[in-house]
Participant: 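Sharing a structure below in structure tokens format, with a few things to ask.
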Amino acid sequence: MTNTKDILETIRMIEDENLDIRTITMGLSLLDCADADIDVSCRKIYEKMTRKAERLVPVGEEIERTYGIPIINKRISVTPIALLAAVSGGDPVKYAKTLEKVSRTVGVNFIGGFSALVHKGFAAGDRELIAAIPEALAVTEHVCSSVNVGSTKAGINMDAVKLMGEAVKKAAELTKDRNCIGPAKLVVFCNAPEDNPFMAGAFHGIGEPDCVIHVGVSGPGVVRSALTKYPDANLSEIADVIKKTAFKITRMGQLVGTVASEKLGVPFGIVDLSLAPTPAVGDSVAHILEEMGLEICGTHGTTAALALLNDAVKKGGVMASSHVGGLSGAFIPVSEDAGMIHAARTGDLTIEKLEAMTAVCSVGLDMIIIPGETSPATISAIIADEAAIGMVNSKTTAVRVIPAIGKQIGEELEFGGLLGSGPIMPLHNDKSSQKFIDRGGRIPAPMQSLKN
Amino acid sequence: MKAIVTVVGYDTVGILAKVSAVCAENNANIIDVTQSVLKDIFTMVMLIDISDLTDDFAALQQALFTLGDKIGMKIHVMHEDIFNSMHHI
């Protein structure tokens, strides 16, 4: 029998330290649903998704009970809808409404994939889809959207960056009565992964099989708690502790993914070993950094501490799983992390520091609430900066900012649930980036040698 | 198929007997038991065979949770695989 200490450690992780499986995400290809008639296409999508995902939620709940491990979200990611819009034409919002109907029928929390991949340019359906994003996010609750505007191999599509700045702003305006929730469901990527199970950026890449199960694990609370036992350890030892903890967390994800794939009769894809914080006390990535010795997240040293954390999580996780993928690493979504919300309120965590942190974390500028008066060009410029960091460093970066329409610095937005709440963070709003964004064109792909 | 039952709380008379009785009612065979009492805190870990349960696993879990509430102990019942996967390579 496994020894008592290990058994009690597992139970403590789940009970006291918020260890959970953050999501089981079913990736589903909709390519075979494409039809020249958009209504036929939508009907095929509804039929395929409700058939394939019928048992996703009950199976998830059964695994929760059997293993005593909470599985917070059950979700679906689908083929970028722009590909279907390319075949059918018509108003892409119809697709968003179909996905919403599916989510209500099968009971999943979110469906991701109202997406377009435009890093090198626009194909049929792409511009139409991007134009439809604000309305699609306003008329649905469970549909998430993402657009990939850049990649290390293709460079950055600045025409798309301009459109996305406008889309983010408009999505906020259309949902201003609901705490501007629209852009909280919209991610603008550079180097987007095709197998990411986490929302809002999940979509089912075209290199993926027809149907697949991905698992996203979490556990910032567990890592922090492990570190509290080593108050005087040096950073080599800290990295080791994080690796060991990440290993255990990922093993659990691997088990859940394997069991879910067996029960659903669907191949197992990847484990995304991310430290995904929640607003709950004790489930914060910022608190891990502070446990390492920073007075507050955002002060000098934060980037280095985050780099250590992100790398150690990956090193610990890769051996624990047969296939690792997605965004794997540490997330830094401001409004979803109790420690970051606090640091943003006190002014210690600024957007400039967050931008630096995104060069070493697993994603990017995430869940940052910005002043409502921010111009679309400024939002585009933020996206361009972030995409440049991802492009040059060959990593995924993303922007998910929420313009708080009608609100000023000092006020807060409250989204509720896992999306959390947070203060409006100041930007360089009085200095324009308009001319730069208006130029359009593409930023060429960077050199992959002569690295200095 | 095996599961692990853990019972944690203040030590009183008859905890082992009550937990064992619920296992027996559900036809779960007890394979191994370890228990300790440290500063009045009782901790018991029990390995049970759940291959031939009279009802399903959820029913056994519910019965043990109900017992836990009744006697003021924290009882968990989890499939053995989760511990094996986390703590063994």
Side-chain angles (χ1 to χ4, degrees), chain A residues 1-17 19-21 58-71 215 217 219 222 226 243-263 268 271 273 316-322, chain B residues 1-9 11 15-16 19 23 26 28-39 41-51 53 55-66 68-69 73-89:
Chain A
M1 187 162 82
T2 309
N3 79 44
T4 309
K5 197 174 130 254
D6 291 341
I7 290 170
L8 294 177
E9 182 192 28
T10 301
I11 289 173
R12 194 187 60 241
M13 283 178 175
I14 295 166
E15 284 279 302
D16 303 335
E17 297 163 5
L19 177 60
D20 54 49
I21 297 289
V59 163
E61 286 167 355
E62 186 191 332
I63 295 172
E64 275 186 89
R65 279 194 304 273
T66 306
Y67 294 96
I69 175 85
I71 300 172
V215 169
V217 296
V222 180
K243 278 196 283 188
K244 284 178 191 156
T245 312
F247 177 85
K248 289 177 187 170
I249 296 172
T250 310
R251 291 286 283 184
M252 195 189 64
Q254 171 80 13
L255 171 72
V256 169
T258 313
V259 174
S261 96
E262 270 168 23
K263 284 186 189 286
F268 179 36
V271 176
L273 39 106
V318 285
M319 192 185 150
S321 169
S322 47
Chain B
M1 279 223 302
K2 298 191 186 79
I4 284 178
V5 181
T6 61
V7 185
V8 181
D11 194 19
I15 300 169
L16 177 56
V19 174
C23 290
N26 286 272
N29 188 28
I30 298 170
I31 300 168
D32 195 359
V33 182
T34 55
Q35 68 160 70
S36 65
V37 181
L38 196 68
K39 291 180 188 163
I41 298 294
F42 173 93
T43 306
M44 178 169 77
V45 177
M46 199 179 246
L47 181 67
I48 57 172
D49 188 330
I50 51 169
S51 313
L53 292 179
D55 202 343
D56 62 358
F57 184 57
L60 170 67
Q61 277 181 318
Q62 196 48 55
L64 283 166
F65 292 155
T66 310
D69 288 341
M73 306 291 284
K74 195 94 189 156
I75 301 185
H76 289 94
V77 195
M78 291 153 77
H79 197 288
E80 183 197 32
D81 282 354
I82 190 154
F83 304 102
N84 289 340
S85 68
M86 274 180 93
H87 300 285
H88 297 284
I89 297 176

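Every chain is numbered from 1, with letters handed out A, B, ... down the list of sequences.
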Participant: Just verifying a value: how many Å separate A/D6 CG and B/F83 CZ, rounded to the nearest 0.5 Å?
Facilitator: 10.0 Å
Participant: If you count heavy-atom pairs under 4.5 Å with chain A, which of B/H79, B/K2, B/H87, B/M86 comes out on top?
Facilitator: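 With the most close heavy-atom pairs to chain A, the winner is B/H87.
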Participant: Which atom names give the shortest non-hydrogen contact between A/T250 and A/S321, and what distance separates them?
Facilitator: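 Where A/T250 meets A/S321 most closely, the heavy atoms are CG2-CB, 3.9 Å.
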Participant: Can you say whether B/S36 sits under 4.5 Å from chain A via the side chain, the backbone, both, or neither, judging by heavy atoms?
Facilitator: neither
Participant: Under a 4.5 Å cutoff for heavy-atom pairs, which residue among B/I89, B/V8, B/I31 has the most contacts with chain A?
Facilitator: B/I89
Participant: Does any heavy atom of chain B fall under 4.5 Å from the side chain of A/E15, the backbone, both, or neither of them?
Facilitator: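 It is the side chain, since no backbone atom gets that close.
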Participant: Give me the one residue out of A/L255, A/V256, A/I14 that meets side-chain contact (heavy atoms from CB on, under 4.5 Å) with A/Y67.
Facilitator: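 Only one option passes, and that is A/L255.
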Participant: Please examine the side chains of A/F268 and A/E262, heavy atoms only from C-beta on, and report whether any two atoms are closer than 4.5 Å.
Facilitator: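 No, their side chains stay 4.5 Å or more apart.
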Participant: A/R65, A/M252, A/E62: which one forms the most heavy-atom pairs within less than 4.5 Å of chain B?
Facilitator: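 Of the options given, most contacts go to A/R65.
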Participant: Sort A/E9 into side chain, backbone, both or neither according to what part of it lies under 4.5 angstrom from a heavy atom of chain B.
Facilitator: side chain
Participant: So which of B/H76, B/M46, B/M44, B/Q61 actually passes side-chain contact (heavy atoms from CB on, under 4.5 Å) with B/V5?
Facilitator: B/M46
